[in-house]
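Start at 1 and go down the list; that is how both ligands and their atoms are numbered. Below, all heavy atoms of this structure are taken into account, side chains as well, without hydrogens, waters or symmetry copies. Because the structure is predicted, anything quoted here is derived from the model rather than measured.
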Amino acid sequence: MSTANWKVERLAGAIGAEIFGVDLSRPLDAAERAALRALWLEHGVIFFRDQPLSSAQFLAFAEGWGTPVEYPFVKGLADYPVIIEIKKLEHEKVNFGGVWHSDTAYLERPPMATLLLAREVPPYGSDTLFANQYLAYETLSEGMKKLLDGLDAVNTSAKADTTRTREDRLAEVGRSDAASQYEATHPVVRTHPETGRKALYVNYAHTARFAGMTEEESAPLLQWLFAHQKKEEFTCRFRWRVGSLALWDNRCTHHSPVNDYHGFRRVLHRITLAGDKPRR
Ligand code: SIN
């Protein structure tokens, strides 16, 4: 395989690209890995089609990208504890992670990246939306940037809308060793360690308040930021097929799965990769 045969198609103006001509079932060489990494850093999330990887192949690809870590609340597959199932069954109404977020921002070191591989998909619906948080920051006024550049925010795993999106899975495969709540304070604007660009780093699912302020004091500006950071012009929308694989950068993107397929089953396998402590 050579990168010369790859085809890159952007999904939207702001974020997301599909990469064709890559076979992820076999090891990538250094040049291929570097080329994919550059595309990923440029587009925030990259997608591949027709990758029916075994768990071992999926894990091997993930390990070539970073260090897989276990999800704090949900147990992984018996033989692959770092692979969790994102599952919504025919009778269920709640979808896992079904609000805009960056993954587990309530950890001291939130994950750098997440990989999601579709195993079973409904006949329609269940797309995932992604939003570019560099653009969310860069489109703010100079005054707002200056204000936010100096702020930290408290992120928690206990926001009600978020815990609701996990409840079915926790009943089935919840981890007994999970803390009851995780909380971490991070800069509201973080500098991406690889690109050097600044991105907005609050999110609807986890950010409860600005550090040093009450929730009530923080709410007006946070609500404004939550609405701003998911503006349509910052987003793309990905339609899943069995074997589709998405790889997103949690340091500069948000995502939200659309819950529009009640009565059908959807199963994806997910791996998250270790990240660093967010810095200004
Ligand atoms: C997630 O937040 O990891 C779930 C995304 C999805 O189900 O599309």
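A salt bridge does not link Glu120 to Arg266: none of the charged nitrogens lies less than 4.0 Å from a carboxylate oxygen. A salt bridge does not link Glu233 with Lys231: none of the charged nitrogens is closer than 4.0 Å to a carboxylate oxygen.
The nearest heavy-atom contact from the protein to atom 4 (C) of ligand 1 is Phe96 O, 4.0 Å. Ranking the protein heavy atoms by distance from atom 3 (O) of ligand 1 puts Arg270 NH1, 2.6 Å first. Regarding atom 7 (O) of ligand 1, its nearest protein heavy-atom neighbour is Arg266 NH1, 2.8 Å.
Every N/O-N/O distance between Trp248 and ligand 1 stays at or above 3.5 Å.
Ring geometry, Phe61 versus Phe48: the interplanar angle exceeds 60°, so the pair is classed perpendicular (tilted spans 30 to 60°). The aromatic rings of Phe73 and Tyr106 sit perpendicular, their planes meeting at an angle over 60°, well past the 30° parallel limit.
Those atoms of ligand 1 that come under 4.0 Å of a heavy atom in His255, given as number and element, are 1 (C), 2 (O), 3 (O). Short contacts between ligand 1 and Leu116, defined as distances under 4.0 Å to a heavy atom of the residue, involve ligand atoms 5 (C), 6 (C), 8 (O). Close approach of ligand 1 to His101 is summarised as follows: ligand atoms under 4.0 Å from at least one heavy atom of the residue are 2 (O).
Shown are Leu247, Leu117, Leu115; of these, the side-chain contact (heavy atoms from CB on, under 4.5 Å) with Ile271 is made only by Leu115.
Relative to the ring axis of Tyr204, Lys230 does not place its NZ or CZ within 45° and under 6.0 Å from the centre.
Between atom 8 (O) of ligand 1 and the options Thr128, Thr104, Asn95, Ile86, the minimum heavy-atom separation is to Thr128.
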